Amino acid sequence: MRVLVVNAGSSSLKCQLIETDGKASMMKCLAEKVGSDDAYMNVSFYPDFDKTRYNVGGMRVEQVLAKLLDVLEDDPESPVSGLEQIDAIGNRIVAGGEYFTRATLIDDEAWENLLKCEELAPLHNPPADACIALLRERMPQTPQVAVFDTAFHQTMPPKAYMYPLPMRYYDEYRIRRYGAHGTSHRYAAQQAANLLGRPLRDLGLITCHLGSGGSITAVNHGKSIDTTMGFTPLEGLMMGTRSGSIDPAIITYIMRREHKSFDEIDALLNKQSGVLGISGVSSDMREVLEAADAGNQDAELAIDMYVYKIQKAIGGFYATMTRTDAVVMTAGIGENSAELREKIFAGLAHMGMILDKDRNNVEGAIGVNRIISIDDSPIKICVVTTDEEIRIARETDALVSRM
Ligand code: ADP
């Protein structure tokens with residue numbers, strides 16, 4: 001099945017055309033700085049993926065998508081000569097609230113509920129919805145699916161998802177924990193079950209998505225029972241530029257002391273904190289590791305804090321599970337940084353998670369799913385590679401094939 005995957009953000013648009021049978025990408029598109037005058041869109045096609053750059057300055061995200069559809073129709077190198085050759089569309093949606101517990105075909109009812117979710121992620125959902133609206137117009141015969149970051153976590157029990165605030169905040173505004181990175185945690189759990197050669201429903205897993213954002217999930221018998229992200233993706237771990245969980249009283253304290261506006265405090269917590277805020281070097285873990293190697297003490301502290309918070313989350317979830325068979329590492333840092341994995345698991349051996357240093361650091365193993373714990377580690381440690389667009393394409397294929 002040929003699936004067009006659309007991943008629209010507040011200032012970016014990532015699309016791929018994926019042939020799910022061969023799991024191969026036939027077209028890749030990345031537009032950045034969308035909305036600004038110097039916005040651009042790079043489009044490339046199988047097999048060479050030589051990029052062509054288009055100026056999309058001043059366009060809204062759905063206008064950039066319309067431009068991509070034109071390119072797909074008109075470019076002689078395009079793998080399709082007409083949009084009707086695309087079998088389905090998979091849209092990544094950040095927030096599905098309590099309306100969506102799984103990937104969903106976008107019919108009129110789902111569309112209405114999608115619009116109701118906009119207030120839960122005001123930066124992310126509206127551009128994605130604008131793209132869906134455009135696609136409903138341009139490709140009305142093509143089934144469209146919404147794949148949610150939150151859906152996998154809808155199995156969390158109330159004790160995990162409720163905040164200890166007055167009940168009316170849940171009743172009136174649905175303020176609760178929704179989690180994020182759901183497709184990644186679901187995929188990582190399934191891949192780990194494959195590696196372990198056991199059905200997912202028999203396993204207790206702790207999945208760690210460690211990228212520029214990061215979250216950890218307790219997956220008990222295939223279901224998310226708790227996760228570190230909350231009402232928004234700001235809660236939980238320390239991340240590239242996000243603070244993660246802090247004492248909420250700090251926010252009002254800083255606002256009072258420095259007369260900060262709501263937008264300023266939002267930017268402080270989401271864009272200027274985390275690894276960047278502590279290291280003062282970068283939000284990119286590679287650069288921070290290099291700086292620490294060169295003796296930068298703030299960079300070293302940022303790494304120590306980053307690792308410590310992950311260790312505490314893994315330990316905390318271990319306590320909530322009925323069994324733990326494996327810890328699964330995925331995303332940019334989880335997949336690629338043997339150094340950070342070594343630091344994280346150095347503190348967890350006493351819980352039965354015993355890293356094999358050689359397996360952890362095999363030259364050329366990046367991109368290969370594998371077990372990196374010692375043979376008799378009571379709890380296995382797995383590394384699993386993830387690709388968001390391919391996951392969305394597969395979920396879309398699975399749903400549309402069943403129709
Ligand atoms: P996102 O998709 O959320 O932007 P990624 O999953 O691509 O994030 O992860 C990006 C993070 O992964 C960056 O902090 C980057 O520095 C880090 N990363 C990638 N490769 C390595 C590596 N070899 N060592 C350490 N960190 C790495």
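Read the numbers this way: they start at 1 and go in the same order the structure lists the ligands and their atoms. Keep in mind that what you see is a predicted model, and the values were worked out from it rather than measured. The basis for the numbers below is simple: all heavy atoms, side chains too, and nothing from hydrogens, waters or symmetry mates.
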Protein heavy-atom partner closest to atom 16 (O) of ligand 1 - residue, atom, separation in Å:
Asp284 OD1, 2.4 Å

Atom 1 (P) of ligand 1 [closest protein heavy-atom partner, distance rounded to 0.1 Å]:
Ser212 OG, 3.2 Å

Please work out whether the ring planes of His209 and His181 are parallel, tilted or perpendicular, with thresholds of 30° and 60°.
parallel

4.0 Å protein heavy-atom contact status of atom 20 (N) of ligand 1, strictly under
yes

So which heavy atom in the protein is nearest atom 17 (C) of ligand 1, and how far is it from that ligand atom?
Ile333 CG1, 3.5 Å

Tell me, yes or no, whether the heavy-atom count around Arg136 atom CZ, taken from other residues, nucleotides or ligands under 6.0 Å, exceeds 12.
yes

Given 3.5 Å as the limit, does a donor-acceptor pair link the side chain of Thr217 with the main chain of Val219, or not?
no

Mind checking whether Gly332 has an N or O less than 3.5 Å away from an N or O of ligand 1?
yes

Closest to atom 22 (C) of ligand 1 among Lys14, Arg286, Met285, His209 (heavy-atom distance)
Arg286

Output the distance between atom NZ (Lys380) and atom CD1 (Ile374), rounded to the nearest 0.5 Å.
8.0 Å

Provide, to 0.1 Å, the distance between atom 25 (C) of ligand 1 and the closest protein heavy atom, together with that atom's residue and name.
Ser337 CB, 3.5 Å

Check whether any side-chain heavy atom of Asn42 sits under 4.5 Å from a side-chain heavy atom of Phe49, and report yes or no.
no

Is a side-chain N or O of Arg359 found less than 3.5 angstrom from the main chain of Arg370, in a donor-acceptor match?
no

